[in-house]
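Remember, it's 1-based here, ligands and their atoms both numbered in the order they're listed.
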Amino acid sequence: MALRIVVMTSDRAEKWANALRSALPDAEVINHTAVDDYDKDGIEYAVTWHPPKGALAALPDLKAVCNLGAGVDAIMTDPAFPAHIPVVRLIDPAMTRDMSQWVAYWVLHHYRGFERFRRAQAENTWAPKGYGDPTKTTVGFLGFGEMGGRCAQDLTTFGFNIAAWTRSPRTLEGVTTFAGNKALGAFLNTTNILVGLLPLTPETTGLLNAKTLAMLPAGASVINAGRGKQMALPDLITAMESGHIAGATLDVTDPEPLPNDHPAWAVPNLHITPHISALTYPRTAAGVVADSIRTLMAGGTPNGLVDRSRAY
Ligand code: NDP
Ligand code: OXD
């Protein structure tokens with residue numbers, strides 16, 4: 001019997017199915033959204049992005065799930081999802097590169113105060129203003145995994161100090177490191193531009209709130225591309241209105257999509273992008289997923305295997 005794979009995503013599902021058919025020519029690839037019902041027997045791998053709750057549990061022969069994104073929170077929060085099924089998150093170098101572009105753009109935006117010039121231009125005003133010293137500016141990464149590590153590496157070109165907050169302690173050349181909840185305050189106290197690249201887990205939910213935002217130095221900027229539920233948006237708005245937080249950019253919000261009438265849209269120097277910081281493209285990611293499936297079939301450990309006990 002041919003290898004059977006199901007694709008579950010509401011985003012470009014047929015494109016994903018075709019890309020996987022090219023990458024795994026001997027497999028039968030079923031597009032979950034294209035058929036009302038399909039024979040679930042013998043389906044060993046599911047390739048998913050935000051699968052409907054309970055859909056994975058309905059596959060009796062499922063051996064593993066490959067996620068079409070880095071964050072696996074949508075799978076981890078499905079109460080019906082069996083605890084023994086391995087999950088592989090996506091590690092696609094093209095996506096990591098794109099995240100680094102987005103982060104560099106917004107770090108430079110806030111560091112150089114470009115919002116001031118945008119506003120001056122809207123008033124036809126030539127208004128030069130100096131900026132700080134990158135060697136006295138710390139860009140602090142909440143999360144220093146695939147994404148955070150690469151973004152930091154690229155940002156060092158611009159002369160910033162880099163700090164990282166992680167779950168497990170680590171020593172990294174040229175990076176001031178902090179680990180665990182006890183070190184969060186010390187990390188935030190010394191961070192001028194905060195970049196959030198954390199997975200959404202019970203520990204990181206609501207991490208950025210009135211209390212933690214107040215730990216940042218006055219005039220700090222906040223950038224988040226992790227997950228919206230990590231940020232108490234009303235608290236960020238209050239901190240920006242008081243002037244404590246000078247600027248912010250969010251690629252992820254709670255709720256998402258952000259409703260048209262949400263007050264966050266109108267906050268000066270609060271920038272919102274619609275979860276586009278690093279898109280997943282079938283042209284690069286299908287090959288990565290195919291490699292993971294081949295590795296799993298051979299009994300190996302694919303890159304990006306999720307530790308179910310940590311939920312990321
Ligand atoms: P990784 O798993 O490679 O890295 C996660 C990092 O977060 C690690 O450094 C980890 O610490 C740290 N971390 C996790 N939990 C905690 C905690 N409780 N306290 C402190 N540190 C913690 O993930 P990626 O870098 O690939 O991706 C990170 C997240 O970025 C994704 O989960 C997703 O939510 C988001 N993302 C968003 C995208 C977008 O388009 N907006 C695109 C891609 C990703 P340790 O090193 O100790 O394990
Ligand atoms: C991801 C995302 O987690 O795009 O990959 O949000």
Q.
Give me the nearest non-hydrogen protein atom to atom 19 (N) of ligand 1 as residue plus atom name, then the distance to 0.1 Å.
A. W165 CH2, 3.2 Å
Q | Atoms in ligand 2 with a heavy atom of W49 nearer than 4.0 Å | A | 1 (C), 2 (C), 3 (O), 6 (O)
Q) Counting heavy atoms only, which of T273, D251, N224 is nearest atom 41 (N) of ligand 1? A) D251
Q: Verify the neighbour count for atom OH of Y131: are there more than 12 heavy atoms of other residues, nucleotides or ligands below 6.0 Å?
A: no
(Q) Does Q121, at its CD atom, have more than 12 non-hydrogen atoms belonging to other residues, nucleotides or ligands within less than 6.0 Å? (A) no
(Q) For the CG atom of D61 and the CD1 atom of I43, what is their distance to the nearest 0.5 Å? (A) 8.5 Å
Q: Return the residue, atom name and 0.1 Å-rounded distance of the protein heavy atom closest to atom 21 (N) of ligand 1.
A: R167 N, 3.0 Å
Q: Would you kindly specify which portion of T166 sits under 4.0 Å from ligand 1, judged on non-hydrogen atoms: side chain, backbone, both or neither?
A: both
Q: Run through H110, H271, H109 and flag the one making a side-chain hydrogen bond (donor to acceptor under 3.5 Å, both in side chains) with T249.
A: H110
Q | Aromatic centroids of F158 and Y111 separated by under 6.0 Å | A | no
**Q.** Where ligand 2 meets R227 - atom numbers and elements under 4.0 angstrom, heavy-atom basis
**A.** 1 (C), 2 (C), 3 (O), 6 (O)
Q) Within the distance-only criterion (no hydrogens, no angle test), does the side chain of T191 pair as donor or acceptor with the backbone N or O of I193 below 3.5 angstrom? A) no
Q: Looking only at protein heavy atoms, identify the closest one to atom 42 (C) of ligand 1 and say how far it is in Å.
A: M99 CE, 3.6 Å
Q) Does a salt bridge link R119 with E115, judged by any charged N lying under 4.0 Å from a carboxylate O? A) yes
**Q.** Close side-chain approach of I272 to L258, heavy-atom, < 4.5 Å
**A.** yes
Q. What atoms of ligand 2 come within less than 4.0 Å of a heavy atom belonging to M95?
A. 5 (O)
Q: Look at atom 6 (O) of ligand 2 and say which protein heavy atom is nearest, naming residue and atom and giving the distance to 0.1 Å.
A: H275 NE2, 2.6 Å
**Q.** Numbered atoms of ligand 1 (with element) below 4.0 Å of A70, judged on heavy atoms
**A.** 26 (O), 43 (C), 44 (C)
Q | Protein heavy atom at shortest distance from atom 5 (C) of ligand 1 | A | P199 CD, 3.7 Å
Q. Hey, are D92 and T284 close enough side-chain-wise for a donor-acceptor pair under 3.5 Å?
A. yes
Q) Looking only at protein heavy atoms, which one is nearest to atom 37 (C) of ligand 1, and how far off is it? A) A225 O, 3.0 Å
(Q) Do V107 and L155 make a side-chain contact, defined as non-hydrogen atoms from C-beta onward lying under 4.5 Å apart? (A) yes
Q: Mark yes or no for whether D78, through its side chain, and K53, through its backbone, hold a donor-acceptor pair below 3.5 Å.
A: no
Q.
Under a 3.5 Å threshold, yes or no: a donor from one side chain and an acceptor from the other, between T280 and W49?
A. no
(Q) Check this for me - ligand 1, F144, N or O atoms closer than 3.5 angstrom, yes or no? (A) yes
Q.
Just to confirm my output: which protein heavy-atom neighbour is closest to atom 10 (C) of ligand 1, and how far is it?
A. Y312 OH, 3.5 Å
Q. Please state which protein non-hydrogen atom is closest to atom 22 (C) of ligand 1 and give its distance, to 0.1 Å?
A. L198 CD2, 3.4 Å
Q. Looking at side-chain heavy atoms only, is the closest gap between I223 and D251 below 4.5 Å?
A. no
Q. Do you know which two heavy atoms are closest between L56 and A46, and how far apart they sit?
A. CD2-CB, 3.6 Å
Q) Which protein heavy atom lies closest to atom 39 (C) of ligand 1, and at what distance to 0.1 Å? A) S277 OG, 3.2 Å
Q: Enumerate the atoms of ligand 1 whose separation from the nearest heavy atom of E203 is less than 4.0 angstrom.
A: 18 (N)
Q | Which residue and heavy atom of the protein sit nearest atom 1 (C) of ligand 2, plus the separation | A | A70 N, 3.3 Å
Q. Among P169, G71, G226, whose heavy atom sits nearest atom 35 (C) of ligand 1?
A. G226
Q) Among R170, R89, R150, which one has a heavy atom closest to atom 2 (O) of ligand 1? A) R89
Q. Of all the atoms in ligand 1, which lie at a distance below 4.0 Å from a heavy atom belonging to S168?
A. 45 (P), 47 (O)
Q.
If you apply the rule salt bridge (charged side-chain N to carboxylate O under 4.0 Å, His left out), what do you find for R21 with E14, and how did you get there?
A. CA-CA 10 Å; R21 286 175 191 127; E14 193 53 26; 3.0 Å; yes
Q: Using a strict cut-off of 4.0 Å, indicate which atoms of ligand 1 neighbour a heavy atom of H275.
A: 39 (C), 40 (O), 41 (N)
Q) Contact between T201 and ligand 1, counting heavy atoms under 4.0 Å? A) no
Q: For ligand 1, indicate whether the residue E146 contacts it via side chain, backbone, both or neither (heavy-atom separation under 4.0 Å).
A: both
Q | Ligand-side contact atoms (ligand 1) for residue partner R310, heavy atom cut-off under 4.0 Å | A | 48 (O)
